[in-house]
Amino acid sequence: MDLSSLSMVFKLVIIGIIYIIIFTALRIMYNDMKGGGKARRSQIRTFGLEILSPGNSENLRKGAVIPVKGVLTIGRKADNMLVLDDPYASSYHARLFMKDEECILEDLESTNGTILNGERLLGKAFLASGDEISIGSVSFRFI
Amino acid sequence: MGADRDEKKLLKYIYLLCIVCFLNLTIIKQPVDSGAMVMAAVTCVMIGFSYFVIRRYFPEGDKHIFIFASVLSVIGIVMIYRLNMASSIKQIIWFAISVTGFILTVVILPDLKRFCNLRYLFLAGTVIFMGMATLIGTEINGSKNWVVIAGFSFQPSEFGKLFFVAYLASALKDYRNSFRELIEPAVVVMVCLGFMVLQKDLGSALIFFGISITMLYIATSKTKYVLTCFGLFAAGAMISYQLFDHVRLRVMIWQNPWPYANNQSYQVVQSMFSIASGGLTGTGLGLGHPEYVPINTSDFIFAAICEELGILTGFAIIIIYFLLFYRCMRAAVNAGDNFSRLLAVGFSAMVASQVIVIAGGVINMIPLTGITMPLVSYGGTSMLITFLALGVIQKISEEGR
């Protein structure tokens with residue numbers, strides 16, 4: 001008899017816990033929906049390329065900032081996202097992309113190379129704020 | 001952060017649930033069964049570890065998907081342990097494999113956009129897995145949908161489901177208002193449904209129909225296509241009712257199960273008795289008689305849960321499924337591109353329609369068709385497939401932010 005009354009208590013406890021889980025989850029979701037939008041936006045870091053010297057490219061202007069979102073391809077061909085009108089830039093020169101909140105610069109085997117902080121970049125490198133990148137006669141600062 | 005703390009609290013409640021349930025199972029047996037506590041510990045450690053991995057390495061993703069999935073799995077494992085100890089140990093191994101699969105899907109899978117042009121590969125996968133059981137299948141419990149390879153049996157239609165959703169997502173992602181683009185997917189859907197009916201697996205046929213209709217509506221947002229589909233479905237249902245005995249049998253049982261309570265409709269009648277005897281709060285774990293219900297660890301686990309833990313738990317399970325569905329749909333809304341969106345919609349529709357079909361079937365609301373209840377039922381492939389699908393959704397939710 002005491003066994004069944006024990007199980008009686010247990011079953012009520014179990015049902016109680018399941019409903020507590022549901023309500024806690026609902027409350028989190030509610031808070032998430034109410035204030036989530038703003039809080040989340042400020043957490044995502046935004047990156048950009050500031051143009052230090054535009055070189056020969058006429059479409060670039062000194063001091064302008066190019067935002068980096070997802071992927072930014074750089075090169076001489078018109079289908080790049082950032083087109084450099086520079087004889088020393090390759091058709092598809094380099095690529096900037098985001099991974100896990102970090103920004104990575106990748107040289108796409110360009111003929112004249114991508115210079116990162118004065119050294120020629122081989123393959124890929126993580127970018128930190130303030131790094132200087134030059135491609136041909138154009139130079140950028142990563143911010 | 002407040003949200004973080006709340007999520008940890010949620011996780012603690014899950015541990016508590018797990019421990020209380022197994023403690024109950026430990027003491028109801030006369031020689032105290034310490035194996036149950038081991039099970040509880042293993043389950044808790046597994047959930048905690050996976051949650052830690054997800055939180056640590058993928059803080060951007062939606063963590064609720066995993067939480068709800070683990071609540072459902074805990075309830076399932078507890079119930080299976082009470083019904084059949086050997087199955088539950090297998091189930092917990094499958095749970096471990098599935099959770100690993102879930103994490104690996106999130107970790108290894110590269111950007112999903114890369115898969116969106118593999119349409120014909122997905123098509124081939126769908127047809128192979130669908131056709132497999134028709135050709136080399138074995139018949140278990142009246143449907144010919146099992147394949148036994150080297151002593152290891154599985155349901156190919158479960159794997160087919162994953163490919164099917166992926167195929168439909170890649171076929172419908174470029175839909176631009178022309179009817180012609182829909183002909184090929186429509187033919188594929190019909191072929192799949194045909195295979196399912198031939199294998200006498202009506203439950204899967206219903207699921208496939210549910211998935212395709214949801215994805216069609218999301219891709220085209222036209223009501224007239226959906227209505228056409230329902231029309232075709234009604235026609236198909238009528239034809240198969242005329243042609244196949246087992247369809248007629250199911251409908252006959254559904255309309256009035258009572259005259260055949262001792263033979264054809266034994267399962268459904270027993271399941272309804274058992275739900276009714278449970279009442280609002282149930283008989284308590286280990287005190288009911290779910291052993292009268294046939295196949296009680298997989299298809300009829302919902303009836304067993306309702307008997308021992310009451311219809312309140314039954315409702316809770318449905319609510320958790322609903323929340324899971326909601327989180328999956330939320331990932332779809334936030335997804336970056338059409339392919340990921342359709343993929344997420346398809347997988348969430350897969351889980352949802354599975355729940356509707358089996359929960360409806362067990363309470364005789366719709367004709368009963370034997371399929372598993374995702375995550376709760378005993379069944380390795382079903383659990384693995386569901387966790388893989390959820391892993392893809394998790395991945396999508398992470399990209400979407």
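Throughout, a chain's letter reflects where its sequence line sits, starting with A, and its residues are numbered from 1. Keep in mind the model is a prediction, meaning the values are calculated, not measured. Values below: all heavy atoms of this structure, side chains included; hydrogens, waters and symmetry mates excluded.
- Remark: B/Arg56 CZ is loosely packed, at most 12 non-hydrogen atoms of other residues, nucleotides or ligands lying under 6.0 Å away.
- Inter-residue side-chain proximity for B/Ile75 and A/Ile18 is flagged as met; some heavy-atom pair is nearer than 4.5 Å.
- In this structure, the separation between NZ on B/Lys9 and CD1 on A/Ile20 is 10.0 Å, given to the nearest 0.5 Å.
- Pairing each heavy atom of B/Thr283 with each of A/Lys11, the nearest pair is C-CD, 4.1 Å.
- Neither the backbone nor the side chain of B/Ile317 comes within contact range of chain A, judged by heavy atoms closer than 4.5 Å.
- Summarising the geometry, atom NZ belonging to B/Lys12 is positioned 14.5 Å from atom CD1 belonging to A/Ile17; distances are rounded to the nearest 0.5 Å.
- When heavy atoms are compared at a cutoff of 4.5 Å, B/Phe315 approaches chain A by way of both its backbone and its side chain.
- The environment of OH in A/Tyr88 is sparse: at most 12 heavy-atom neighbours from other residues, nucleotides or ligands sit within 6.0 Å.
- Most heavy-atom pairs under 4.5 Å with chain A: of the set B/Tyr326, B/Tyr13, B/Phe68, this distinction falls to B/Tyr13.
- B/Thr313 has its side chain out of reach of A/Ile14: every pair of non-hydrogen atoms, C-beta onward, lies at least 4.5 Å apart.
- Taken to the nearest 0.5 Å, the OG1 atom of A/Thr24 stands 11.5 Å off from the CG atom of B/Leu11.
- When heavy atoms are compared at a cutoff of 4.5 Å, B/Ile319 approaches chain A solely by way of its side chain, counted from C-beta outward.
- Here the closest heavy-atom approach between residue B/Val71 and residue A/Ile21 is recorded as CG2-CG2, 4.0 Å.
- Heavy-atom distances place both the backbone and the side chain of B/Val20 under 4.5 Å from chain A.
- Test B/Leu25, B/Leu309, B/Leu23 against A/Phe10 for side chain to side chain contact (heavy atoms under 4.5 Å, CB included) and you get one pass: B/Leu23.
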